[in-house]
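Step one of this worksheet: look at the structure below.
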Amino acid sequence: MTKTQSPIWHPFTQHGLQQEIISVERAEGAYLYTKDGRRIIDAISSWWVVTHGHCHPKIVEAVRAQAGKLDQVIFAGFTHDPAEELAETLLSFAPDKFSHVFFSDSGSTAVEVALKMAIGYWAQTGKARRKVLALEGGYHGDTFGAMSAGARSVYSRMYEPYLFEVTHLPFPAAGEEARTLEALETFLKAHGNDTAAFIFEPLVLGAGGMLFYTPEVLSQMAEMCRAHGVLLIADEVMTGFGRTGTMFACEQAGFAPDLLCLSKGLTGGFLPMGATLATEAIYKAFYHTDRAKMFFHSTSFTGNPLSCTAALASLKIWEEEPVMERIASIGESYQKAAIHFEKRDDVENIRIKGDIFALDIREVMPGYLSEIQPFLYKTMLSHGVLLRPLGHTVYILPPYCVTTKDLDTIYECIDFALDRLGHERRKQAV
Ligand SMILES: *Cc1c(COP(=O)(O)O)cnc(C)c1O
């Protein structure tokens with residue numbers, strides 16, 4: 001339903017284009033039900049957050065019970081069972097290396113916290129380091145620190161003068177790993193002792209276009225950084241909680257970072273929450289009898305009991321239900337779909353990792369503002385599937401409860417949209 005009179009200013013929306021804003025009444029599993037009676041397959045997990053499915057009964061029940069008990073409480077000087085249990089449980093899911101969990105509200109705040117902890121770590125241990133490394137094309141959120149670490153693009157252009165300096169390494173695309181490693185080596189030789197941290201999305205650049213790189217090159221980069229004491233910040237806000245086929249993507253590269261940023265799938269996508277996991281060494285850098293050395297950071301709703309409860313319930317589902325098997329069976333469906341899409345000559349770079357399937361449309365100008373993005377989005381929505389291409393990249397990232405039948409509908413929908421796009425292009429060509 002189009003609501004042109006709404007006072008709401010939507011995210012990543014050009015209201016001047018008067019595009020349809022769809023009103024959703026309820027959601028269940030992989031489906032969104034709109035106010036005007038449509039059922040839409042949520043093929044992107046509502047922007048990568050929903051893991052087990054919308055309104056999973058176990059999460060609904062847990063939050064319902066908690067809501068009548070403790071809604072919110074100041075988290076400085078106070079604590080509560082859901083937060084304590086969640087911290088313990090999160091640490092048990094994560095690599096042994098971590099000893100502490102800092103809660104916040106979103107992926108961006110989890111990243112801000114990690115950056116401040118890394119920079120603070122060096123400042124507090126008496127050898128301040130000023131430089132930060134990141135990957136070209138990365139995305140870490142839309143707050144200023146996160147924007148600084150992320151790619152410089154149309155997203156951040158008008159704010160660039162206000163962003164702090166970050167060195168972006170060339171993206172280690174397949175076959176171009178040596179170039180990245182050389183750039184890293186050169187940089188570390190010159191500035192290794194002045195570099196506080198390397199922040200990266202492990203294995204997959206999400207918003208950057210679902211671009212994959214290998215665990216091997218990630219592991220090599222990590223090792224080189226380590227040799228110079230550079231702290232490793234893994235931004236697993238998107239990749240965490242199974243998206244790449246393992247609980248965390250770093251597992252595949254065989255190392256544990258110093259700081260781990262989590263959000264999106266943390267609560268199963270039920271409530272907003274961020275978490276930054278830190279090692280004992282980083283925690284110790286702020287541990288002191290001097291108040292001036294504490295970690296100066298908080299968000300009002302940090303450690304919110306309802307969010308903690310949703311996250312706990314979600315992690316319990318990981319323990320009780322065959323979640324990894326679900327992801328594996330989605331992967332099997334993807335393999336078959338890849339064979340199908342490979343036959344299309346308007347498609348290239350078909351790639352699969354865990355819950356992610358992506359393909360690029362051939363012979364179009366790449367980039368977010370590419371004209372084909374809105375065309376595909378609208379065409380696929382009219383077909384009952386929510387997919388939100390990143391420029392010329394069409395990707396699927398569904399909740400793990402998605403059925404093979406739903407997946408088939410999604411593939412059909414992509415075919416339909418690509419056919420329509422081909423038709424439009426031919427029309428424009430004559
Ligand atoms: C989405 C995302 C963020 C930002 O998370 P928000 O909750 O939107 O602030 C940070 N890093 C990565 C890798 C993301 O995909």
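Numbering of ligands and ligand atoms starts at 1, following listing order. Keep in mind it's a predicted model, so treat the numbers as computed, not measured.
Relative orientation of the H10 and H15 rings is tilted, given thresholds of 30° and 60° on the angle between their planes. Ring pair H52/H56 is perpendicular by interplanar angle, where above 60° counts as perpendicular and below 30° as parallel. Taking the six-membered ring where the residue is Trp, Y33 and Y31 present perpendicular rings, their angle passing 60° and hence far from 30°.
In terms of protein heavy-atom proximity, atom 9 (O) of ligand 1 is nearest to S108 OG, 2.5 Å. Of all protein heavy atoms, the one lying nearest to atom 11 (N) of ligand 1 is D235 OD2, 2.7 Å. Nearest to atom 15 (O) of ligand 1 among the protein's heavy atoms is K264 NZ, 2.7 Å. Ranking protein heavy atoms by distance to atom 7 (O) of ligand 1, first place goes to G107 N, 2.8 Å.
Less than 4.0 angstrom separates some heavy atom of E201 from each of these atoms of ligand 1: 13 (C). Numbered from 1 in the order shown, with element, the atoms of ligand 1 that lie under 4.0 Å from a heavy atom of M238 read 15 (O). Residue-ligand proximity, S106 to ligand 1, at heavy-atom distances under 4.0 Å covers atoms 7 (O), 9 (O). Of all atoms in ligand 1, numbered sequentially from 1 with element shown, those under 4.0 Å from a heavy atom of W48 are 15 (O). Close contacts of ligand 1 with G141, meaning ligand atoms under 4.0 Å from a residue heavy atom, involve 4 (C), 10 (C).
I233 contributes atom CD1, which lies 9.0 Å from atom OG1 of T276 (distance to the nearest 0.5 angstrom).
Residues T109 and D105 have side chains that never bring a donor and an acceptor to within less than 3.5 angstrom of each other. With hydrogens and angles left out, the side-chain atoms of E201 and T239 include no donor and acceptor closer than 3.5 Å.
A donor-acceptor contact shorter than 3.5 Å is absent between the side chain of D194 and the backbone of R129.
Between W47 and ligand 1 there is no heavy-atom distance shorter than 4.0 Å.
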